[in-house]
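All values below come from the heavy atoms of this structure, side chains included, with hydrogens, waters and symmetry mates left out.
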Amino acid sequence: MATKNKYIILTDENFQQEVLDSAGPILVDFFVSWKGASQIMVPIIVELAVEFEGKIKVGRMDVDNNSQIPSMYGIRKIPTFMLFKKGEVVDQVVGMARKIELVEKLNNLF
């Protein structure tokens, strides 16, 4: 389910379909709504979703409302960004990231 911001709202229930079964690469932002660092990253995530539309899916998962998937991937620090390709984690960034760093990692998926 894409929003007007072009990113997908991920849940424990749709993660398999939207991320692991995805034909293309996907960037997942594990966040909590109350943490300042997560809020600071929102505009960057929105920009990436728009800029990479049709090439890479971008999704956000609220860790407070979804515990199964974050636990499975050992998410301990928020925000954490994971890049998936063919259902496998191929890269990650733990903590805040500059847009240029995320763009570089996304470009490496091709």
Taking the side chain as every heavy atom from C-beta outward, state whether Leu48 and Leu27 have any pair of such atoms under 4.5 Å apart.
yes
Side chains of Arg98 and Ile44: does their closest heavy-atom pair fall under 4.5 Å?
no
Please list all pairs passing the salt bridge (Lys or Arg N to Asp or Glu O under 4.0 Å) test where one or both residues lie in residues 69-79, with sequence neighbours left out.
none
Tightest non-hydrogen contact, residues Gly24 and Ser22, listed as O-OG, 2.9 Å
Assigning hydrophobic clusters by single linkage (Ile, Leu, Val, Met, Phe, Trp, Tyr; side-chain heavy-atom cutoff under 4.5 Å), is Val63 placed with Met72?
yes
Rounded to the nearest 0.5 Å, the OG1 atom of Thr80 sits from the CE atom of Met96 at a distance of 13.0 Å
Find out whether Leu83 and Ile26 are in side-chain contact, i.e. whether some heavy atom of one side chain is under 4.5 Å from a heavy atom of the other.
no
Of all residues at least two apart in sequence or in a different chain, which pass the side chain to side chain donor-acceptor pair (under 3.5 Å) check with Gln16?
Asp21
Excluding sequence neighbours, so at least two apart, what forms side chain to side chain contact (heavy atoms under 4.5 Å, CB included) with Pro25?
Ile56, Leu109
Residue set satisfying side chain to side chain contact (heavy atoms under 4.5 Å, CB included) with Ser38, at least two apart, ordered chain then number -> Phe31, Val32, Lys35, Ile78, Pro79
Does any N or O in the side chain of Gln39 come within less than 3.5 Å of the main-chain N or O of Ser33, such that one atom is a donor and the other an acceptor?
yes
Can you run down the ring-ring contact (aromatic ring centres under 6.0 Å, His included) pairs that involve residues 32-65, sequence neighbours left out, and say none if there aren't any?
none
Validation row: Glu18, Ile9 side chains within 4.5 angstrom (heavy atoms)
no
Can you list the residues that meet the side chain to side chain contact (heavy atoms under 4.5 Å, CB included) rule with Thr11, with sequence neighbours excluded?
Glu13, Asn14, Asn66
Can you tell if the side chain of Val58 reaches within under 4.5 Å of the side chain of Ile8, non-hydrogen atoms only?
no
Does anything in residues 78-110 form a ring-ring contact (aromatic ring centres under 6.0 Å, His included)? List the pairs, not counting sequence neighbours.
Phe15-Phe84, Tyr73-Phe84
Val90 and Val94: same hydrophobic cluster, using ILVMFWY side-chain contacts below 4.5 Å?
no
Enumerate the salt bridge (Lys or Arg N to Asp or Glu O under 4.0 Å) contacts for residues 79-95, please, sequence neighbours excluded, ordered by first and then second residue.
Asp91-Lys105
Residues that Lys99 engages under salt bridge (Lys or Arg N to Asp or Glu O under 4.0 Å), provided they are two or more places apart
Glu47, Glu51
Just by modelled atom types, is the Val46 backbone N or O under 3.5 Å from a matching donor or acceptor in the Lys6 side chain?
no
For residues 60-73, pull every pair meeting salt bridge (Lys or Arg N to Asp or Glu O under 4.0 Å), keeping only residues two or more places apart or in separate chains.
Asp29-Arg60
